[in-house]
Structure formats: structure tokens, C-alpha cells
Amino acid sequence: MESGMKILVQKFGGTSVANLECMKKVREKVQAGLNKGYKMVVVLSARSGETNRLLALASEWSSTPDPAECDSLVSTGEQVSIALFTMLLKDAGIRARSLLAWQIPIITDDDHGNARIKSIDSQHLRGYLDEYDVLVVAGFQGCTESQRITTLGRGGSDTSAVALAAALGSVECEIYTDVDGVYTTDPNICSSARKMDRVAYEEMLEMASMGAKVLHIRSVEFAKKYKVPVRVRSTFSDDPGTLVTQEDSSMEAVLVSGIAYDKDQARVTLHDLPDVPGVAAAIFGPLSEKGVLVDMIVQNTSLDGHTDMTFTISRKDLKQTLAIMEEVKERTGATDVVSDVNVAKVSAIGVGMRNHSGVAARAFSALTQEGINILMISTSEIKITILIQEKYVELAVRILHDTFGLDWDIN
Ligand code: ASP
Ligand code: MG
């Protein structure tokens, strides 16, 4: 980093900028950064509820809202936040200005509603930091090379912040929200859930993909790629929060770091498929063409040259998947297609699994003792996932949390 300028990126979510009172708390956090000698880049979300309100408006006006116009509309929520907040800073005598993505610019591809950041003009931003002590940047938005406004997907302000932190060489990216960090599991269903002091990028990626909503998954991918330490913490307390960072040996000593779950699962089975080359491709090819994400897949061993194939998808894709599977059934000669939406996924996640065996066996025996039937299993290097009946999810989460000693701080 040239010129010795110390830069800190802070991002504040919708509940942190919801009203004047909250924004005054945000100003205190920004002031604390200034007091430590940092130049500040503050990324804001839309005020809570605003993005939903704008999206509803779009679908009220049009049955198929034009994607580019929709982005132009929904990105306004962040513009309101940054203008109001910059006024507050200026009232306190702080040298500050607001910036929309196109003014920086933050260049993205043209995948409206889900755009990816391609580049950020960090030199231009640094130029502004000579003149101002705080730059207040609209999160969630970008701009294409041909000057169209884009958005980065729901929750995308986290990604704006991490990308800015990477581009500017910020010491850390602080993500302020209304909870004081990342928990070992959902505290709403497990009262002994504990805030983690640190979590590895890879663990966080697995947790985010399982629906833990604290961080936008792409922000974690970005942070991992550019090695940006991310601190998730609360606007409304002084707790240091949770540091999302590279894994180290102390993390590996812990077997399981967190338990995640996902109720958005539907299971589909094709019975009596001919066990010949090309059958899996015949099933999953058409699904991927239609953009249906398949999660777990299990193929039974062959019996008389026939086999069953079971997989899971998001519940919103079930109707479309079943329609596709009827065609696949005709084409392959499968006997029938069955589905079940009363299923859910529970995972134990931890980088420590890489060097320890027996984690799966421990998980299975704990669930057996409670009479929970396991419908499907999948494992990766740092994760064990089971599919069970949805009604057992809370129980399974609590059992696994307890089995792996997560209610105790063993670090
Ligand atoms: N305002 C956007 C949303 O609600 C982006 C964000 O808050 O991160 O999805
Ligand atoms: Mg968020």
C-alpha cells in the first residue's frame, strides 16, 4: 500500500441504517475508526424492508419486469441510505461524501439481478480519500461497461464491502449487523449455541451455502480469494464479533465447528432405471440446462441391470423438476418418479475433520439413539450432511451440537 494511508472498510446492514437513531450508532462506529487514524470507506445497505418494497413495486407494475430497469429501481434503496448518512457525518463536521457504484466505478458483468464484480477503480477512490476522510458507498450495486446499473444479488452489500476492502488493501473488512457474530448453530433452535471467535473461510462458505444468512456467500468467496479478514460484529454492542479468516492449526484441533441446516429441500427418486451408461446424464443434463441446482445425489447398486436414482433440489424447483422427470422417465424406461418435500438437511462442518476419523460414525450413532432415521448421506472433506424428515431438524441440530461439544468453549 503506498503513501502510508491506512484504510478501513466498514459495512452496515439494513437494520443498522433503519432510522436516525440507528444511523447515529453507525456514526459512532465510523468516528471510532477515524479516531484510530484510518481513512474510512463505509458501505451501506438499503434501510430494512426497502429492497423488498421496491421489488414488490416492480412486480406490481409489470408481470415480467425488465431486468435492467428492475436493477435501476432496486438500487435506489442504497442511494437513500448513503445520502442521509453522509448528511449526518457532515453535521458532525466530518469531511465526507457519498458515492454510487458508477461514480467509482465498480464495474460488473451484465447479469442483471445477480451481477459479478469485474473491477474497481481503486486509484480513483484513493484520490477521493485525499480530499475526504469518509467515503460513503452504496452497497449491492455496480455498473456495466456500457453504463447500465446492475445489482449483485440479495444480500450483495457484503460483497461490495469485501471487494472494496480487497481493492484498497483495507486491514480488515468489518461487517456490522444486528447480531454479534457467527454462531455454532442457529440460536433460535439451540439455546446453547455459542458465538465463535474465529471461523475459517471454508467453514463459513459451507455454513452460508446451508442458509446461514449472516454473510452473502460471494463475499466469503471473495474474501478467501483475496485473503481479506472479515469481522462480523454488531452495530449495537462493542463485542469484537467473529473473525472469518484463513484456517490455522488451532482451528484444525477442533473436530466440528458448527452445525447448519437447510429446510429448503425436496427429494426426488426415479425407480428402476436401466443401469447403462448415459442414464445419469439423461437425468441431470436437462436439469442443469433449466438452471435447477441439484444438491445431494445417490444411486443405488444395480439389481438385475436396474437401479434407483435419488437426488435433492430446492423446493421452488420441484414442479419444474417433476415435469422434466416425466420426460426422462419416458425416455429411459424408469418405472416411476416419486417426490417428498417433508425433508431437510443437517450438516456438521469443521476443517478439523480433515485430520480426524470417526466423525461420521459419532454423528450417526448419536442420531440413532434418538430414533432419527437417516434418508441420505453425503460427505466432503470438511462436512457431513444427512437428509432427514423435516420434523426432526431441530432435534437433530441440538443432538449434533451436543455430541461435538459445541456448547463448550474448547478452543
Ligand atoms: N439491500 C440489498 C438486499 O436487501 C442488499 C443488501 O442489503 O445487502 O438484498
Ligand atoms: Mg445481509
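When a ligand or atom number is given, it counts from 1 through the structure's own listing order.
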Asks: Less than 4.5 Å apart, any side-chain heavy atom of Arg95 and any of Val134?
Replies: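 They are not in side-chain contact.
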
Asks: Please determine whether any non-hydrogen atom of Gly156 lies less than 4.0 Å from an atom of ligand 1.
Replies: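 It does, in that a heavy atom of Gly156 comes within the 4.0 Å cut-off of ligand 1.
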
Asks: What protein heavy atom lies closest to atom 3 (C) of ligand 1? Include the residue and the distance to one decimal.
Replies: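 Here the closest protein heavy atom is Arg154 NE, 3.4 Å.
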
Asks: What residue and atom, counting heavy atoms only, is the protein's closest point to atom 6 (C) of ligand 1, and at what distance?
Replies: Ser157 OG, 3.3 Å

Asks: Looking at ligand 1, would Gly155 count as a contact under a 4.0 Å heavy-atom criterion?
Replies: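 Contact check Gly155 vs ligand 1: positive.
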
Asks: Within 45° of the six-membered ring axis of Tyr38 and under 6.0 Å from that ring's centre, is NZ or CZ of Lys6 located there?
Replies: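 Flagged: Lys6 positioned over aromatic ring of Tyr38.
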
Asks: Output all residues satisfying side-chain hydrogen bond (donor to acceptor under 3.5 Å, both in side chains) with Arg398, sequence neighbours left out; order by chain, then residue number.
Replies: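 Applying side-chain hydrogen bond (donor to acceptor under 3.5 Å, both in side chains) to Arg398 gives none.
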
Asks: Just by distance, no angles: are the side chains of Gln265 and Thr312 close enough, under 3.5 Å, to form a donor-acceptor pair?
Replies: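 Judged by distance alone, the side chains do pair up.
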
Asks: Are Thr150 and Thr108 close enough that a side-chain donor and a side-chain acceptor fall under 3.5 Å?
Replies: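 There is such a pair (donor and acceptor under 3.5 Å, judged by atom type) between the side chains of Thr150 and Thr108.
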
Asks: Would Glu78 count as a contact of ligand 1 if the rule is a heavy atom under 4.0 Å away?
Replies: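 Contact present.
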
Asks: Tell me, which protein residue and heavy-atom name are nearest atom 7 (O) of ligand 1, and how many Å apart are they?
Replies: Ser45 OG, 2.9 Å

